[in-house]
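It should be emphasised that the depicted structure is a prediction, and the values quoted were computed from it without experimental measurement.
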Amino acid sequence: MNLRYIFFAALLVVLGAGLFFLPEKTNTNEMAPEKLHAELFDQTRYVSTDEVAERIINQDPSLFLIDVRTADYYAEYSLPGAANIPLEDLLSPNWEDYLTQEYMDVVFFSNGDIYAEQAWMLANRMGYKNFYIMKGGLNCWFETIIKPVKPESTASNNEFDLYKFRNGASQYFTGGELILSEEIVAEAITVTRKKKKTVASGGC
Amino acid sequence: MKDTNIRTNRLSIAVLFFVAILLIGFITLSKPDFEYGFTTSETLDQILSMEDEMTPDEAKEIVFDETPGYKFIDIRNPYEYVKGNIEGSVNIPFQNFLADENTEFFDEMLEDSITLVVYGWDQTEANSSWMILKQLGYSNVKILMGGYGFYSGETFDMYSESEIPQYFVEEPKYNFLEIMESMAGGAIIEETKVYEKVVPVRKKKKSVVEGGC
Amino acid sequence: MGPLIPQGIISGEWNNVFALLIGVVFGFFLEGSGFSSSRKLAGVFYGYDFIVLKFFFTAAITAAVGMIYFGYVGWIDLDMIYVNQSYVSSLIIGGVIMGLGFIMGGFCPGTSVCGAAIGKIDAWVFTGGMFIGIFIFSEAFPLFEGLYNSDNLGSIKIYESLGISRAFFVFALILVALGMFYVTGIIQKKVKKVEY
Amino acid sequence: MTDRSKKYFNPYFGGVMVGLLMLLTFYITGRGLGASGAVKNTVVTAMHSIAPEHTEESTYMSRFLSDDEHPMNNWLVFEVLGVIAGAFLSGSLAGRLKLKVEHSPKITSRRRLVFALLGGLLFGIGSQLGRGCTSGAALSGMASLSTAGFISMMSIFGTAFIAAYFFRKNWI
């Protein structure tokens, strides 16, 4: 046996043994902590309940709502068309397809902000895109959309417009289309379209 | 014999070349500044365990008894901090979390096994701070439920009839079903529960190249 | 960083240019190591020449080990590497047919091309046979279709299917290969020399 | 060893070099080497020019036809063209360029050619069924540690070892 061959063989064994010290899975897609931290200053991750309501009413096909609460809560009440991915199942491979898609805006919501934000952080860390949080969650949804508070008589016109929209939306979500007159829907939608920017300002 | 030697040399050069490439790789390997200490699933387990959520009453007790081993961290901006804060807390705004002196401070606390309690005005405000520290591997971080608002009593609603303390922000504040039923005149739209979204098309990784032969 | 073309660092139009260059180097070393000779290739099955085994395992191990290190130092995103789909039964049956073809014809597609390039008439015939074989396959494809598409395990890695760690698998592979190199050296000395 | 075979590279040297080449290939293109695909594309092209309608109707071949891309405009085809050039280069440098039929002294050229044809035919069928040949499926598959590569390698070489006994007259 040539000495060199023994040396090469030893080298190969050493290289092979070195593999034991390397991490098996280097997830390069994962977002770096600095970036995740920086993204958290960015308030664009929040969408308001008004915006969500408007997009549901307009049947926006790019909206994808994900309810991260438990299945019990989901069964009791959830937003129309929302899918249920309980926070604990978020990382299960069953839902991977929902998180990796990039054509729709995924809006997480829970009763408050916290679970939704946690889901958002985990999903974002995995390097996927297009995630949003419904600001204030369902608690806020009920305070603003379902049971809107009438503004003071001294409030600005914008606030009254918003109130009108919310009233219309409330009719839409509670009464169903059956008792809803055409007129109100039309009004509600035109109002929101006109006031798109101000709509996002109200609420929780 | 001479011929064979040349041949083995050629092999040696090839092998050395291979080793050299790997060495260059290791030399140029730059370590990222920050690395996650917990994987996503470990983080999720931590979240679900709820062990890190401290109630305002517990916090008050700790401050009152001056229990050692706790450090409160106010993540709000200095202006809010000066307006009012928990006694003995330090102010590290969330924006500055990854600054060198602050990570050093966190490391120190971890070594001394001092529990860090992050708080904002409410729990939601501090949530991202807690999550970031947690994911970076600081296992000694807790979060104050209700935040400073509840701690100081400013947001406490003494007229609330709810049995669940109001700092449980993830609890539904209202009975959603009841409201929906009352407003719909008893007829709830069944459609709301129907899962009507189509399965989204899976994002095709542009990476996946087509096969060999 | 890499792989360069799928990451879009180099445009896909360069694909064919690189393919040509890579092919030249590949052909050069295949031919230079003796893969243009069918009798040398067949030697591995009769114990008089083990270049196929030595070459094959050295190449596979160098590339596999190198890739893992490249992945670690961040030169290649291992998730973007193409991993063949494991259609188990069609792979096995296809492999059996190829094995028979190998021992009968003494070449495989890559080596027959090498042989053909330096004027081996048997390699030309083999390549011609391959054309006919592929033609037959595509004409008779409806017969094979069920088999062709059955038992797909997806793009799975060997250590995942065996349920062991990657490092352990590669390490074992290296030891096995080194063992084989050693044993084949002994066998080669004992077996009657074959002139070719 | 005879004088002639000394002209060949040390197999380990060739192996390391091809291993490095494969690394480079993976680094650039994200996939390994291959050969049989090129033959397939040539067959498809030839068939398409001879009997276009028939080829388009064929369930198998039609999948390699597309309107915007010619089947010959494929990296595998170019790679195999490169292999031909590289092999020719190496053969001419080492003085191995010679038209001949290589066969064992015990058999005739004719028998060798018949077996080569049969072998090629089987390889053609097998490589399509197994989605790749020794270089594409087995070698590159092993380098990327895919299960398919190892299954392929074991079933090709396993069968060849078992069948070797029956064909020994052809080779020894």
Side-chain angles (χ1 to χ4, degrees), chain C residues 2-6 15-16 19-20 23-24 27-29 31-34 42 45 51 54-55 58-60 62-64 66 82-84 86 91-92 94-99 101-105 108-110 113-114 117-119 121-122 125-126 129-130 133-134 137-138 141 156-158 161, chain D residues 8-9 11-12 14-15 17-19 22-23 27-31 35-36 43 60-61 75 78-79 82-88 90-91 99 101 113 115-117 119-126 128-130 133-135 141-143 145-148 150-151 155-156 159-160 163-164 167 171:
Chain C
L4 299 180
I5 289 175
N15 234 334
N16 292 345
L20 193 69
V24 169
F28 186 85
F29 285 106
E31 207 287 331
S33 307
F45 303 114
I51 59 153
K54 290 173 181 171
F55 180 96
T58 322
T62 311
Y82 171 76
V83 177
N84 333 24
S86 301
L91 272 175
I92 292 177
V96 167
I97 296 172
M98 280 192 271
F102 200 175
I103 196 68
M104 284 164 79
C108 58
V113 171
C114 283
I118 62 157
I121 294 163
D122 44 342
V125 174
F126 185 93
M130 240 168 18
I134 291 174
F137 179 82
S138 51
F141 183 65
I156 192 171
K157 302 257 181 123
I158 180 80
S161 11
Chain D
Y8 288 120
F9 293 141
Y12 298 119
M17 289 314 283
V18 169
M22 267 204 284
L23 261 178
Y27 177 66
I28 294 174
T29 65
R31 65 194 149 206
S36 61
V43 171
Y60 188 68
M61 283 201 253
W75 73 283
F78 281 85
E79 193 213 281
V83 168
I84 295 172
F88 185 80
S90 158
L99 270 182
V101 181
L113 290 183
F115 270 95
L117 185 71
L121 207 139
L122 287 175
F123 231 112
I125 297 172
Q128 296 314 302
L129 194 56
C133 58
T134 18
S135 43
M142 274 173 77
L145 296 177
S146 76
T147 307
F150 282 85
I151 295 177
S155 83
I156 293 174
T159 314
F167 297 98
W171 302 107

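- Contacts of F123(D) with chain C are made by both backbone and side-chain atoms, with heavy-atom separations under 4.5 Å.
- Not counting sequence neighbours, F88(D) has no partner by the ring pair (Phe, Tyr, Trp, His ring centres under 6.0 Å) test.
- Here L121(D) contributes atom CG and I97(C) contributes atom CD1; the two are 10.5 Å apart, rounded to the nearest 0.5 Å.
- Contact between L23(D) and A63(C) at its shortest, heavy atoms only, is CD2-O, 3.8 Å.
- When all heavy atoms of E31(C) and S90(D) are compared, the closest pair comes out as OE1-OG, 2.6 Å.
- Counting only distance, with no hydrogens or angles, the side chain of T147(D) and the backbone of I158(C) share a donor-acceptor pair below 3.5 Å.
- Of the possible polar contacts, none joining the S146(D) side chain to the K157(C) backbone as a donor-acceptor pair under 3.5 Å is found.
- Note: G23(C) leads G94(C), G23(C), C114(C), S138(C) in heavy-atom pairs under 4.5 Å with chain D.
- S86(C) places a side-chain N or O within 3.5 Å of a backbone atom of A148(D) that can act as its donor or acceptor partner.
- Taken to the nearest 0.5 Å, the CZ atom of F126(C) stands 13.5 Å off from the CZ atom of F115(D).
- Remark: I125(D) CD1 to M130(C) CE distance equals 12.5 Å, nearest 0.5 Å.
- Taking each heavy atom of P109(C) and T134(D) in turn, the nearest pair found is CD-OG1, 4.2 Å.
- The residue among I92(C), V83(C), L20(C) with the most heavy atom pairs within less than 4.5 Å of chain D is L20(C).
- Using a 4.5 Å cut-off between heavy atoms, L145(D) touches chain C through backbone and side chain atoms alike.
- The minimum heavy-atom distance between S33(C) and Y8(D), with the atom names listed, is C-CD2, 3.9 Å.
- Of all non-hydrogen atoms in S155(D) and V96(C), the two that sit nearest each other are OG-N, 3.8 Å.
- Legend: residues meeting ring pair (Phe, Tyr, Trp, His ring centres under 6.0 Å) with F45(C), ordered by chain and number and at least two apart, are F102(C), F161(D).
- The aromatic rings of Y60(D) and F137(C) sit perpendicular to each other, their planes meeting at more than 60°, with 30° as the lower class boundary.
- Chosen from L99(D), V18(D), I28(D), the residue pairing most often with chain C at heavy-atom distances under 4.5 Å is I28(D).
- Listed options S161(C), C108(C), G27(C), G110(C) were ranked by heavy-atom pairs under 4.5 angstrom with chain D; first place goes to G27(C).
- Between F78(D) and A19(C), the shortest heavy-atom distance links the atoms CB-CB, 4.0 Å.
- The candidate from G120(D), G124(D), A164(D) with the greatest count of non-hydrogen atom pairs under 4.5 Å with chain C is G120(D).
- Interface residue M142(D): backbone and side-chain heavy atoms are both found under 4.5 Å from chain C.
- When side chains are defined from C-beta on, V83(D) does not count as touching V24(C), because their heavy atoms never get closer than 4.5 Å.
- Contact check for T29(D) versus N15(C): side-chain heavy atoms found under the 4.5 Å cut-off.
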